[in-house]
Amino acid sequence: MRAIRFYDRHPAPASLRDEVFQGMARRPRAIPPKFFYDSRGSALFEAICRTPEYYPTRTEIALLRAHAGEIATLIGTDCLLVELGSGSSEKVRLLLEALRPGVYMPIDISKDHLLASAHGLAADYPWLDVHAACVDYSAAWRLPYCPQHLKKVAFFPGSSIGNFEPDEAVAFLRRLAAVVGREGGVLIGVDLKKDIAVLNAAYNDAQGVTAAFNLNLLARINRELGADFDLECFGHLAFYNETRGRIEMHLVSRCRQKVHIAGAQFAFGEGERLHTECSYKYRVEELHALAHRAGLSPVEVWIDPDGLFSLHYLATAR
Ligand code: AVJ
């Protein structure tokens, strides 16, 4: 087995405090969803992916399984495969086996999670060169290692593109296009618009795993910033906003209360919301429009038989 390379570009620990304070000053209050993913949050997200209501993960895995051969034909072997937000490694394993890339570069904000999965993959695929990078890709970023001779392909699974506002998604895709360069590609999983009851159920699972995931954000702030959020005094709220074409998640204050974070005091009214996530859903044509604005051309799209989820291959200009 080869040693993996690791690049630590993690934002200083101050960024959680800064972004929480900024978000608490906003009306309505909001905290970016990237802070869900401490080690407890990453584990809870994996548990969400196993709930019967949360269809995206298993549907995307089935798409990758069914079309790995076609994807490999489009991309070819020996590329530099960048994976953004490398969550559970099940999806990328299917891709690695079909593509046999020269270099695999997982990028994630959650350092422990990233290292654990990078080591697991390096152990299972002795032929694979693994360069892992701890990066916040919601801000400006570059490849920490960039061999000129390899075709570069970015894999962005899980419909994480949905966390961005549409204009931000275009800016993010434009940056991805620059990262993969000429003749590069982007393989991206995107959740589709569909029956509202199916969408609402996916973010309100009966076991309450999504609620625990949402509330863990407050637990994390308690742990890392010495705050005193009482988790009993906030409720999970998730619903599909049809006008905006997105799922919204919020934490709702159950009563009037005061919370202390790193020495500062914040009052919450009863029913006051803290917005924690948007998850946009896109029809194929809508995603194509975003891609065009970002300088990417749609090459292929795969959709499951129930029309739940899409997997797009986009290419930069030759
Ligand atoms: C990882 C952002 C794609 O939006 O479906 C799952 C996160 N939040 N359940 C999503 C999430 C609540 C997920 N993404």
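Every number for a ligand or one of its atoms is a count from 1 in the order of the listing.
- Atoms NZ and CZ, on K258 and F266 in that order, are 13.5 Å from each other to the nearest 0.5 Å.
- Residues E97 and Y125 have side chains that bring a donor and an acceptor to within less than 3.5 angstrom of each other.
- Pairs passing the salt bridge (charged side-chain N to carboxylate O under 4.0 Å, His left out) check and including a residue from residues 143-158, sequence neighbours excluded, do not occur.
- Figure legend: R29 and F268 shown as a cation-pi pair, the cationic atom lying under 6.0 angstrom from the six-membered ring centre and within 45 degrees of its axis.
- Both tests do not hold together for R9 against W141: distance to the six-membered ring centre under 6.0 Å, angle to the ring axis within 45°.
- For ligand 1, the protein residues placed under 4.0 Å by at least one non-hydrogen atom are Y37, F45, I48, Y54, G158, S159, S160, N163, Y203, T210, F213, M249, E277, S279.
- The residues D136 and K34 are annotated as salt-bridged, a charged nitrogen and a carboxylate oxygen being separated by less than 4.0 angstrom.
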